[in-house]
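Just so it is clear: chains get the letters A, B, ... in the order the sequence lines come, proteins before strands, and each one is counted from 1.
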2 protein chains.
Amino acid sequence: MGRISDSRERIVRASARLFLSRSYGAVSVDELCAAADVRKGSFYHFFPSKAELAKAVIDLHTQGLLAQLSAASGASAAERLRGVADAVGAIQTRFESKYGRIVGCPFGNLAAELSTLDDSLREHLAAAFARWEREFAVLCRQAQADGALRDGVDPDRLARSLLALAQGQILLAKVEGLSAAGIPAALRDLIDVHLREGEA
Amino acid sequence: MGRISDSRERIVRASARLFLSRSYGAVSVDELCAAADVRKGSFYHFFPSKAELAKAVIDLHTQGLLAQLSAASGASAAERLRGVADAVGAIQTRFESKYGRIVGCPFGNLAAELSTLDDSLREHLAAAFARWEREFAVLCRQAQADGALRDGVDPDRLARSLLALAQGQILLAKVEGLSAAGIPAALRDLIDVHLREGEA
DNA sequence: CCGGATGTTGACTGACTGGTCAACTACTCG
DNA sequence: CGAGTAGTTGACCAGTCAGTCAACATCCGG
């Protein structure tokens with residue numbers, strides 16, 4: 001069945017790194033290849049285009065995100081919700097120490113730059129966001145079932161707000177050059193204000 | 001004092017349009033010049049670089065944003081706060097009908113794409129966001145002074161959350177191809193949940 | 001040990017990139 | 001009306017861009 005190789009994986013990992021530290025458009029395929037120690041012909045053996053590579057990078061980040069989210073634990077749904085707020089912060093903190101500064105959300109960065117340019121890439125990103133939102137929604141519905149949410153709070157809308165707020169806070173931290181430390185705090189604020197008075 | 005001209009303004013307006021409908025990186029200086037009906041030499045007479053043009057585009061959008069925000073009225077601070085939520089929605093709705101789809105926030109788009117690439121552009125964007133945040137903060141503090149906010153709510157943190165949530169919701173609407181109609185509703189949710197029970 | 005599949009290579013393309021320049025034109029103020 | 005300033009022009013540059021290709025290497029199952 002022919003030769004085996006980890007070239008594809010090297011390309012995706014190097015691209016994830018370079019896209020984060022700069023941007024999709026600012027990194028050329030040549031540079032990607034050099035960073036992955038692969039020649040251009042090999043690149044186009046694995047990916048029909050630079051845009052298809054971006055989808056693979058999105059999938060890699062989705063894996064990492066889901067792993068981090070599933071590590072969030074807690075006795076109550078409300079506590080697990082705070083746990084995912086911290087998980088998002090943990091990812092950003094990891095990026096921050098790896099790149100020396102906040103570099104933004106991998107999904108958000110690509111979404112802002114590319115979703116008006118490539119419709120199939122936009123849909124791929126939309127699916128990644130939907131996956132992420134679903135993780136939040138499960139916990140929000142559990143919190144509601146536990147009676148932890150204030151009256152009138154729609155758990156699905158709360159989940160979406162959490163996702164949107166995370167995106168916005170990460171973007172602001174990036175543009176203002178702040179640290180990642182403030183991000184989970186802001187998300188916890190949003191969670192807490194939706195909990196019934198007296199809920200831990 | 002030499003010749004007068006509206007070339008500079010034509011360049012900025014055409015660039016604002018093209019950056020929104022595609023992205024900064026996806027539009028070449030040549031295309032910008034063609035859209036503004038200006039030759040390349042003239043472009044570089046007004047702007048030392050493409051990045052400096054981006055700053056002028058940011059300033060143009062800041063003008064528009066402040067105009068729209070100042071149009072928000074209401075009897076109480078809480079109502080004016082809902083008014084700015086609607087103002088943000090109105091801007092996005094205007095973009096949506098102009099471009100046929102949600103194209104994102106002009107500031108957010110540039111921030112995601114460029115703030116890791118050009119530090120002076122990043123600072124320019126940070127200033128624009130700070131200006132925007134200040135508008136929100138004034139109203140949040142007024143609402144607090146009116147006793148409209150729940151106990152323990154920090155008006156400055158609320159203002160920042162509003163800005164972040166707006167960015168996130170706009171980004172999600174863009175990537176999912178939704179309409180702008182849901183954006184003010186989500187912002188109003190955030191405002192309402194921070195108001196004391198029984199506050200209009 | 002061989003045949004087919006998988007993976008690798010590097011030279012190549014042609015279009016396009018942001019930016020430069022020197023010559024030129026039109027305008028306004030004194 | 002003359003001079004200086006503001007604006008215009010189009011040709012030009014060297015580098016880079018994403019993507020192609022045909023020939024070649026390596027490996028595994030049979």
Side-chain angles (χ1 to χ4, degrees), chain A residues 1-19 21-58 109-110 113-122 124, chain B residues 1-19 21-58 109-110 113-122 124:
Chain A
M1 286 281 189
R3 193 161 172 166
I4 54 155
S5 154
D6 63 343
S7 294
R8 197 194 126 102
E9 197 189 332
R10 286 208 313 278
I11 295 170
V12 176
R13 300 195 96 86
S15 302
R17 181 163 34 90
L18 288 170
F19 288 171
S21 65
R22 306 237 281 292
S23 76
Y24 173 87
V27 183
S28 70
V29 175
D30 280 329
E31 191 177 354
L32 254 19
C33 291
D37 191 29
V38 150
R39 259 44 59 195
K40 217 179 194 167
S42 289
F43 178 98
Y44 283 98
H45 174 70
F46 292 106
F47 304 100
S49 69
K50 194 185 176 190
E52 285 300 316
L53 161 69
K55 293 182 191 172
V57 170
I58 292 164
N109 291 349
L110 292 172
E113 185 177 355
L114 301 173
S115 64
T116 47
L117 294 180
D118 182 319
D119 215 56
S120 114
L121 199 40
R122 182 188 62 71
H124 204 89
Chain B
M1 286 276 192
R3 196 160 170 165
I4 53 157
S5 154
D6 64 342
S7 295
R8 196 192 127 101
E9 198 189 331
R10 286 207 315 278
I11 294 170
V12 176
R13 300 195 96 86
S15 302
R17 180 162 36 88
L18 288 170
F19 288 170
S21 66
R22 305 238 282 292
S23 76
Y24 173 87
V27 184
S28 70
V29 176
D30 280 329
E31 192 178 353
L32 254 18
C33 290
D37 192 30
V38 150
R39 258 44 59 196
K40 218 183 195 162
S42 289
F43 179 99
Y44 283 98
H45 174 70
F46 292 106
F47 303 101
S49 69
K50 193 186 175 189
E52 285 299 315
L53 160 70
K55 293 183 191 172
V57 170
I58 292 164
N109 290 348
L110 292 172
E113 185 178 355
L114 301 173
S115 64
T116 46
L117 295 180
D118 183 319
D119 215 56
S120 114
L121 199 40
R122 182 188 61 73
H124 204 88

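In this structure B:R122 satisfies the salt bridge (Lys or Arg N to Asp or Glu O under 4.0 Å) test together with B:D119, sequence neighbours excluded. With sequence neighbours excluded, no residue forms a ring-ring contact (aromatic ring centres under 6.0 Å, His included) with A:Y44. Not a single ring-ring contact (aromatic ring centres under 6.0 Å, His included) links A:F46 to another residue, sequence neighbours left out. Under the rule for a salt bridge (Lys or Arg N to Asp or Glu O under 4.0 Å), B:K50 has no partner lying at least two apart in sequence or in another chain.
The shortest distance between side-chain heavy atoms of A:F47 and A:V29 does not fall below 4.5 Å.
The distance between atom CD of A:E31 and atom P of C:dT17, rounded to the nearest whole Å, is 19 Å. The CD-P distance, from B:E52 to C:dG18, rounds to 15 Å in whole Å. Per the geometry, NZ belonging to A:K50 stands 17 Å off C1' belonging to D:dT20, to the nearest Å.
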(request) Using a 4.0 Å cut-off on protein heavy atoms (strictly under), produce a 5'-to-3' string for nucleotides 8-16 of chain C with B for base contact, S for backbone-only sugar-phosphate contact, and - for none. (result) BBB------
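The salt bridge (Lys or Arg N to Asp or Glu O under 4.0 Å) contacts involving residues 23-33 of chain A comprise A:R22-A:E31, A:D30-A:K40, where partners must be two or more places apart or lie in separate chains.
Distances shorter than 4.0 Å separate some side-chain N or O of B:Y44 from OP1 or OP2 on C:dG19.
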